[in-house]
Amino acid sequence: MKKTTTQTVRINGARVRLVTQNGRVTTKAAAPLEWELQAAQVRRLRAMPEYAKTAREAGPGKFTFAGDQNSAKRGPKARAQALAAGLVAGEHDVRVYMHGGILGLIENKVGNANLQPSQVARHPLLAALGFKLQEVVRATSEQEAADKAETIVRGWLTATALPIAA
């Protein structure tokens with residue numbers, strides 16, 4: 001009888017998947033965690049020249065953003081506090097605020113992971129309210145997630161650019 005076990009551990013600080021089958025252990029790099037993809041995107045978006053840190057820097061072709069971690073594990077008290085304060089299940093991971101009051105939304109998934117039921121309900125609701133700039137980034141590395149987020153935001157900035165009056 002073949003028995004296979006899999007677990008993810010840290011070896012020298014790196015996440016690694018250990019697969020044991022018939023007494024033989026093999027290792028391979030573990031997929032990143034969703035928050036790691038988001039953190040890579042945050043670093044990349046902050047480094048873009050179009051990123052506005054202050055009101056003085058804001059204007060056409062500029063953006064700022066905010067991230068969420070709705071999926072973070074919380075104890076019963078912290079969960080009750082978050083819900084009372086307005087945390088909504090299914091919210092996107094990153095909100096991109098662009099000049100002219102335009103909002104773009106990015107959801108991250110590792111590989112081919114499915115959207116959660118709350119996201120399947122929430123995302124179409126936001127689209128029905130007029131928030132059409134929504135993207136799901138599927139990535140298997142931090143680099144890929146950052147590249148995709150930058151491409152998406154640059155596309156949004158180009159598509160939503162308002163003509164500047166002469």
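From a predicted model like this one, the values you see are computed outputs, not experimental measurements.
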Same cluster or not: are [X] and [Y] linked, directly or through other Ile, Leu, Val, Met, Phe, Trp or Tyr residues, by side-chain heavy atoms under 4.5 angstrom apart?
X      : Y      : answer
Ile152 : Leu126 : no
Val42  : Met98  : yes
Val94  : Val137 : yes
Leu129 : Val120 : no

Item to check | Set of residues satisfying side chain to side chain donor-acceptor pair (under 3.5 Å) with respect to Arg122, sequence neighbours excluded | outcome: Glu91
Checklist entry - Among Leu103, Ile106, Ile102, which residue meets the side-chain contact (heavy atoms from CB on, under 4.5 Å) test with Trp156? => result Ile106
Please find the pair of heavy atoms, one from [X] and one from [Y], that lie closest to each other, and give the distance.
X      : Y      : value
Pro49  : Arg154 : CD-NH2, 4.1 Å
Leu157 : Lys62  : CD2-O, 3.8 Å
Gln41  : Ala149 : CG-CB, 3.5 Å
Ala40  : Ala146 : O-CB, 3.8 Å
Asn108 : Asp93  : N-OD2, 2.7 Å
Gly90  : Ser118 : N-OG, 3.4 Å

Next on the checklist: For Tyr51, give me all partners under ring pair (Phe, Tyr, Trp, His ring centres under 6.0 Å), at least two apart in sequence or on another chain.
Outcome noted: Phe63, Phe65
Item to check | Student check: side-chain heavy atoms of Glu142 and Arg44 closer than 4.5 Å | outcome: no
Checklist entry - Val136 versus Gln119: any side-chain heavy-atom pair under 4.5 Å? => result no
Next on the checklist: Any salt bridge linking Lys148 with Glu135? Criterion: basic side-chain nitrogen under 4.0 Å from a carboxylate oxygen.
Outcome noted: no
If you round to the nearest 0.5 Å, how far is [atom2] of [Y] from [atom1] of [X]?
X      : Y     : atom1 : atom2 : value
Asp68  : His92 : CG    : NE2   : 11.0 Å
Thr64  : Glu57 : OG1   : CD    : 9.5 Å
Glu150 : Glu50 : CD    : CD    : 8.0 Å

Item to check | For Val110, the rest of its hydrophobic cluster, which grows through side-chain links under 4.5 angstrom | outcome: Leu37
Item to check | Residues clustering with Val9 (ILVMFWY side chains joined when closer than 4.5 Å, directly or via others) | outcome: Ile11, Val16, Leu18, Val25
Checklist outcome for this item: The side chain to side chain contact (heavy atoms under 4.5 Å, CB included) partners of Ala29 (sequence neighbours excluded) come to none
Item to check | With sequence neighbours excluded, residues passing side chain to side chain contact (heavy atoms under 4.5 Å, CB included) with Ala30 | outcome: Thr8, Arg15, Arg17
Next on the checklist: Taking Thr160's backbone N and O only, do any of them form a donor-acceptor pair with His99's side chain (distance below 3.5 Å, no angle check)?
Outcome noted: no
